[in-house]
Number of protein chains: 2
Amino acid sequence: MPTQTKENYLKAIYFLDQNNSEVTLTALGKLMEVSTPTVNNMVKKLATKGWVNYEKYKPLTLTDLGKKDAALIVRKHRLTEMFLVQIMGFGWEEVHEIAEEMEHLNSEVLFDRMDLILGNPTQDPHGSPIPDKDGNFTRKKYLKLSDLRQGDVAYLRAVGDSSAELLLLLNAKNIKLGTQLQVAEIESYDKSMVVRIENSSNSTFSYEVCKRLLVEKI
Amino acid sequence: MPTQTKENYLKAIYFLDQNNSEVTLTALGKLMEVSTPTVNNMVKKLATKGWVNYEKYKPLTLTDLGKKDAALIVRKHRLTEMFLVQIMGFGWEEVHEIAEEMEHLNSEVLFDRMDLILGNPTQDPHGSPIPDKDGNFTRKKYLKLSDLRQGDVAYLRAVGDSSAELLLLLNAKNIKLGTQLQVAEIESYDKSMVVRIENSSNSTFSYEVCKRLLVEKI
DNA sequence: TAATATTTTTCGAATAACCATAATTATATT
DNA sequence: AATATAATTATGGTTATTCGAAAAATATTA
């Protein structure tokens, strides 16, 4: 039985993995906000259930099953987000929390129906890919705004963090997916950037923010 | 913290109460499919949390809080059912199970939005009333088809059971809410009825079925 | 490589939700 | 009053989740 906690562990391992970071127990513990022994204990259980490959003192990996199941949870999450925005009229900053709850629902038909209604979307409202029913997806290679150079022009394609805080900040500047951004200036001291938005207004964003704006160069 | 099990107890007590049946521990146990000591134990907890009035050896009642909270769970359930049918295109026989899961979601905004999109519906797809945000609703007084006499004509207004089995049976006969039904014959032996549907075809229904067809006489 | 720091593991245990059986005690019925 | 029914208490079990302390392994660094 995949319980909610186990699903969250699975997701966490999955995300660390995607990040190319080694999946260590301490990293997992930090992410899940529990102690290392707790993680160790849980990981053993996940291993006996066939979700992770676990050998003492070695970094974790997901089994094929684990990868698939994690991807399917992410699928539920992102389909839900898309449905909430496209069909129910929520703002992109409101949906993460709701989806966090709904991703644990078991009714497959519900998510299948969302998928159908949305026309098999491949991206969620934050530009992240939606895995298909087999757990497969193609991650587009985007650049971080923070990696661009002065004068570069790009379009916002995804945000690396779907927290309400970041999204509200973008809302305030009228920035959405697809918005054109040009690096007007880079402050070398703190790597903050002055960004020209859609060829009209300029705004300054911290490095922390720019790192999370995933763009495609023109 | 209302856990899923506690919410289900609350709902069960609420339904027994609505049924005018005395809420005894054995009745509850039967409904919840657990032993009486288990119920007893749980009821004490519900009492300390302020949801039920519990005195030893006396039948249970819900407190005002209990009534409200139970009604709010029912609200979530029925709003969800309505949303699934009206907006997502599910059949009335498919939605009970999904709503059974979704009623335990905490995101209030989700249900508020459903309510808004649906235009504050007062009935679910099975004709049951949807409590408002304060937990209030008015239950329409319907008759059971099984209580009508030969020749009586009535419209189906609600079904007393939203199991897929019953609803599929009705689907097969093309019976929906609003369908006109006339009692053509009553078999005194087993109280089954021959029913004329929309002035065209006749079908026989068992007493068990007729009891669950809630109608309004013409 | 030896010393030190960091991670991981094991161990022992706690808590919270559930649930059950057996035996006792009330209450209801006849 | 005797009997049947229902509720209660007592006791105990499982599962899921978590922790801290101490030991063991691995990694780092001087």
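Naming: A, B, ... by sequence-line order, numbering from 1 per chain. These numbers were taken from a predicted model, which means no experiment stands behind them.
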Mind jotting down which residue pairs meet the salt bridge (charged side-chain N to carboxylate O under 4.0 Å, His left out) criterion with at least one end in [range]? Sequence neighbours excluded, please.
range: residues 22-38 of chain A; value: none
range: residues 133-145 of chain B; value: Asp112(B)-Lys133(B)
range: residues 159-170 of chain B; value: Asp161(B)-Arg212(B)

- According to the ring pair (Phe, Tyr, Trp, His ring centres under 6.0 Å) rule, which pairs have a member within residues 85-109 of chain A, sequence neighbours left out? His77(A)-His96(A)

- Nearest-0.5 Å distance, CG of residue Asp69(A) to NZ of residue Lys49(A): 12.5 Å

- Task: Within residues 9-31 of chain B, find the residues that approach DNA chain C with a heavy atom at under 4.0 Å, and present them sorted by residue number.
- Result: Tyr9(B)

- Message: For a 4.5 angstrom cut-off between non-hydrogen side-chain atoms, does Pro59(A) reach Val23(A)?
- Response: no

Rounded to whole angstrom units, what separation is found between the [atom1] atom of [X] and the [atom2] atom of [N]?
X: Lys58(B); N: dA26(C); atom1: NZ; atom2: C1'; result: 13 Å
X: Glu55(B); N: dA26(C); atom1: CD; atom2: C1'; result: 15 Å
X: His104(A); N: dA16(D); atom1: NE2; atom2: C1'; result: 15 Å
X: Met32(B); N: dC19(C); atom1: CE; atom2: P; result: 7 Å

Strictly under 3.5 Å: I want the nitrogen or oxygen pairs between protein and nucleotides 14-16 of chain C, one per line.
none

- Task: Would you please test Glu93(B) and Leu170(B) for side chain to side chain contact (heavy atoms under 4.5 Å, CB included) and show each step?
- Result: CA-CA 10 Å; Glu93(B) 79 285 358; Leu170(B) 297 179; over 6 Å; no

My understanding is that only residues two or more places apart in sequence, or in another chain, count here; which of them pass side chain to side chain donor-acceptor pair (under 3.5 Å) with [X]?
X: Asp17(A); value: none
X: Ser206(B); value: none
X: Lys11(A); value: Glu100(A), Glu103(A)

- Query: Tyr57(A): what forms a side chain to side chain contact (heavy atoms under 4.5 Å, CB included) with it, not counting sequence neighbours?
  - Reply: none

- Across the strands shown, which category fits Lys44(A) at heavy-atom distances under 4.0 angstrom: base, sugar-phosphate, nothing? sugar-phosphate

Atom pairs under 3.5 Å, N or O on each side, protein against nucleotides 19-27 of chain D: can you list them with distances?
from    : atom 1 : to       : atom 2 : distance (Å)
dC19(D) : OP2    : Ser35(A) : N      : 2.8
dC19(D) : OP2    : Ser35(A) : OG     : 3.0
dC19(D) : OP2    : Thr38(A) : OG1    : 2.5
dA25(D) : O4'    : Tyr57(A) : OH     : 3.2

Protein-nucleotides 11-13 of chain D N/O pairs closer than 3.5 Å?
none

- dT8(D) phosphate, OP1 or OP2, under 4.0 Å from Asn40(B) side-chain N/O: yes

- Query: Would one find more than 12 heavy atoms of other residues, nucleotides or ligands at under 6.0 Å from atom CG of Asp64(A)?
  - Reply: no

- Task: Indicate yes or no: does Lys76(B) engage Glu108(B) in a salt bridge with an N to O separation below 4.0 Å.
- Result: yes

